[in-house]
Amino acid sequence: MNENRMDDRPLLAITMGDPAGIGPETIARAWADPAMHEVCRAVVVGNSVVLRRAVKVVGSRAEVVAVEEESLTRGTASEPRRGTAWDADGSSIARIPCLECGDGEAEFVSPAMIDPRGGQAAYDSLVKAVELTNSGRVDGIVTAPLHKAALWQAGHHYPGHTELLAELCGVRDFAMMLYLPPGETVRGPAGLGVVHVTLHMALRDVFASLDCAAILSKIHLADEALRRLRRFHGLGDRPRIAVAALNPHAGEEGLFGDEERTVIGPAVERARAEGLDVVGPLPTDTLMAAARDGRYDAVVAMYHDQGHIAIKLLGMHSAVNVTLGLPIVRTSVAHGTAFDLAWQGRAECSGMIAALRVAAQLKMTNDEIRVSKG
């Protein structure tokens, strides 16, 4: 592989997630796939003992090598980095660089068990990855799944990665987007993103959490994200966005609820007045089919399962979780820790490769935007 081509690839930090789940296996299996190394360089942030176990479980021959924070360098380099995990001879596929972090307790976590030590390990790796990105050591973050109960047992009371990342980055206007790249299941040329207005909360709390400002904010975040992805795919920068209704049949003229008329509709009108290409609110059962067929680039969903179920039915192992509104690039697999599969050598890695690919695409469009702005 060409030395300069390798150095041009973004350097991404992969957090190991909860060591009791399938995260370490997805990393080890993805590392053995040449498709991963076509799009990025990477360093794993976590526990090297756990990672070596995962390499063995998936039957890989890769060597886990320790790296120091000071050795990480993003962007291009004029000389090959001899003796590192990114030698110009192509040895990156055979050597997995691991930046050790945490208190070392992760190696004692049992497979498929909720353990506060696993939650702490996931927390530590994410905090370190954010530090690496903010300091310019790496270009972005790709996260393996954490277990929310283990995170809480470790004393970190966040609903998940998204909210924790927002706090670490000091932002209040953020959203989760599940994204399916263009392909067989999604016919739109830029793929399909589903952005959620509310996220990790009880369904009974959704109605009280919806307001015009929140919906308008998520429409803008969807627009910004799909502009960047359309740019990467060589398309115009005017995404087509649809906003989902909350109630069945979009409320059926108020028979099944009036949120469409009093909250969602006004947000859509405001976004349209601000120049965005947006329609809605539309009944979700037909909207998602139209979005799949390429009519829209993005859908703004009102609550977690309204967006998640549709996207995961379309592409469980190819969907990518993207956190919008952060000053850094962060993507993730769209699945959880999968304790029923963990540490059996059965973990699927296509989601990890997809997350790495999308993170690299977002990093490249970030660079293009910075250059264009001077």
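- Inter-residue side-chain proximity for Met177 and Leu229 is flagged as met; some heavy-atom pair is nearer than 4.5 Å.
- Applying the side-chain hydrogen bond (donor to acceptor under 3.5 Å, both in side chains) rule to Asp293 yields the partners Arg187; only residues at least two apart in sequence or on another chain are considered.
- To the nearest 0.5 Å, atom NE2 of residue His161 and atom OG1 of residue Thr331 are 11.0 Å apart.
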Is there a side chain to side chain contact (heavy atoms under 4.5 Å, CB included) between Ile114 and Gln153? Walk through the geometry before answering. CA-CA 9 Å; Ile114 299 174; Gln153 286 186 12; 3.6 Å; yes
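- With hydrogens and angles ignored, the 3.5 Å screen pairs no side-chain donor or acceptor of Glu260 with any backbone N or O of Gly265.
- Between Trp343 and Pro24 there is a side-chain heavy-atom pair separated by less than 4.5 Å.
- Sorted by first and then second residue, the ring pair (Phe, Tyr, Trp, His ring centres under 6.0 Å) pairs with a member in residues 197-228 read His200-His304; sequence neighbours excluded.
- At least one donor-acceptor pair under 3.5 Å links the side chain of Glu25 to the backbone N or O of Gly345.
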Which side-chain N or O atoms in residues 56-68 pair as donor and acceptor under 3.5 Å with protein atoms at least two apart or in another chain?
{"residue": "Ser60", "atom": "OG", "partner": "Ala62", "partner atom": "N", "Å": "3.0"}

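- The CG atom of Leu282 sits 13.5 Å away from atom NE2 of His249, with the distance rounded to the nearest 0.5 Å.
- To the nearest 0.5 Å, atoms CD1 (Ile27) and SG (Cys349) are separated by 11.5 Å.
- In this structure His147 satisfies the ring-ring contact (aromatic ring centres under 6.0 Å, His included) test together with Phe339, sequence neighbours excluded.
- Under the 3.5 Å distance criterion, with hydrogens and angles disregarded, no donor-acceptor pair is assigned to the side chains of Arg231 and Thr365.
- Ile328 CD1 to Thr133 OG1: the interatomic distance, rounded to the nearest 0.5 Å, is 4.5 Å.
- Looking only at distances, no side-chain donor or acceptor of Lys312 sits under 3.5 Å from a matching main-chain atom of His335.
- When atom types are taken as modelled, the side chain of Asn321 and the backbone of Val333 share no donor-acceptor pair closer than 3.5 angstrom.
- In this structure, Ala175 and Lys218 approach most closely via the heavy-atom pair CB-CD, 3.5 Å.
- Partners of His196 according to the side-chain hydrogen bond (donor to acceptor under 3.5 Å, both in side chains) rule, which considers only residues two or more places apart in sequence or in another chain, are His308.
- Sorted by first then second residue, the salt bridge (Lys or Arg N to Asp or Glu O under 4.0 Å) pairs that include residues 162-173, not counting sequence neighbours, number zero.
- Between atom CG of residue Asp139 and atom CG of residue Leu132 there is a gap of 11.5 Å, rounded to the nearest 0.5 Å.
- Panel note: side chain Trp31, backbone Thr26; no donor-acceptor pair is recorded below 3.5 Å.
- Residues Val43 and Ile14 form no side-chain contact, since every pair of their non-hydrogen atoms from C-beta on lies 4.5 Å or further apart.
- For the pair Leu12/Arg41, no side-chain contact is recorded, criterion being any heavy-atom separation below 4.5 Å from C-beta on.
- A continuous path of ILVMFWY side-chain contacts below 4.5 Å connects Val197 to Val263, so both sit in one hydrophobic cluster.
- For Asp223, the side-chain hydrogen bond (donor to acceptor under 3.5 Å, both in side chains) partners are Arg227, not counting sequence neighbours.
- A donor-acceptor pair is defined here as one N or O able to donate and one able to accept, closer than 3.5 Å; no such pair exists between the side chain of Arg230 and the backbone of Ala190.
- In terms of modelled atom types and a separation under 3.5 Å, the side chain of Arg330 and the main chain of Ile141 share no donor-acceptor contact.
- Here the side chain of Asp211 pairs a donor or acceptor atom with the backbone of Ala214 at under 3.5 angstrom.
- Annotation: side-chain hydrogen bond (donor to acceptor under 3.5 Å, both in side chains) contacts involving residues 99-112, sequence neighbours excluded, comprise Ser48-Glu100.
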Could you please spell out the steps behind the side chain to side chain contact (heavy atoms under 4.5 Å, CB included) verdict for Ile96 and Val55? CA-CA 10 Å; Ile96 307 178; Val55 167; 3.8 Å; yes
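- Side-chain contact between Ile241 and Leu226 is absent, with no heavy atoms from C-beta onward closer than 4.5 Å.
- One finds a salt bridge joining Asp297 and Arg240 here, because a Lys/Arg side-chain nitrogen approaches an Asp/Glu carboxylate oxygen to under 4.0 Å.
- A salt bridge is defined here as a Lys NZ or Arg NE, NH1 or NH2 lying under 4.0 Å from an Asp or Glu carboxylate O, and Arg270 with Glu274 meets this definition.
- In this structure, Pro145 and Gly23 approach most closely via the heavy-atom pair CD-CA, 4.1 Å.
- Nearest heavy atom pair, residue Ala150 against residue Asp18, reads CB-OD2, 3.5 Å.
- A salt bridge is defined here as a Lys NZ or Arg NE, NH1 or NH2 lying under 4.0 Å from an Asp or Glu carboxylate O, and Glu131 with Arg137 fails to meet this definition.
- Among residues at least two apart or in separate chains, ring pair (Phe, Tyr, Trp, His ring centres under 6.0 Å) pairs with a member in residues 100-144 are Tyr123-His156.
- Qualifying side chain to side chain contact (heavy atoms under 4.5 Å, CB included) partners for Ala273, counting only residues two or more places apart in sequence or in other chains: none.
- Between the CZ atom in Arg346 and the CG atom in Leu341 there is a gap of 5.0 Å [rounded to 0.5 Å].
- Leu168 and Leu146 fall within the same hydrophobic cluster, where Ile, Leu, Val, Met, Phe, Trp and Tyr residues are linked whenever their side-chain heavy atoms come under 4.5 Å apart, directly or through other members.
- Looking at heavy atoms from C-beta onward, Met302 lies out of side-chain contact with Thr198 at the 4.5 angstrom threshold.
- Clustering ILVMFWY residues whenever any of their side-chain heavy atoms sit less than 4.5 angstrom apart, transitively, puts Leu165 in the very cluster that holds Val171.
- At distances below 3.5 Å, not a single donor-acceptor pair connects side-chain atoms of Gln306 with backbone N or O atoms of Thr284.
- Considering all non-hydrogen atoms of both residues, Ala267 and Ile215 come closest at CB-CG2, 3.6 Å.
- In the hydrophobic clustering of ILVMFWY residues, with side-chain heavy atoms under 4.5 Å counting as a link, Tyr158 and Leu326 come out together.
- In the hydrophobic clustering of ILVMFWY residues, with side-chain heavy atoms under 4.5 Å counting as a link, Met288 and Ile309 come out apart.
- Looking at heavy atoms from C-beta onward, Gln120 lies out of side-chain contact with Val109 at the 4.5 angstrom threshold.
- For Asp124, there are no salt bridge (charged side-chain N to carboxylate O under 4.0 Å, His left out) partners at least two apart in sequence or on another chain.
- For the pair Ala129 and Ala13, the tightest heavy-atom approach, listed with the atom from each and the gap, is CB-CB, 4.2 Å.
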Can you list, pair by pair, the side-chain donor-acceptor contacts under 3.5 Å of residues 350-359, counting residues two or more places apart and other chains?
{"residue": "Ser350", "atom": "OG", "partner": "His317", "partner atom": "O", "Å": "3.0"}
{"residue": "Ser350", "atom": "OG", "partner": "Glu348", "partner atom": "OE2", "Å": "2.6"}

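- Contact between Ile22 and Ala338 at its shortest, heavy atoms only, is CG2-O, 3.6 Å.
- Put simply, the side chain of Arg292 does not reach to within 4.5 Å of the side chain of Thr185, judged on heavy atoms.
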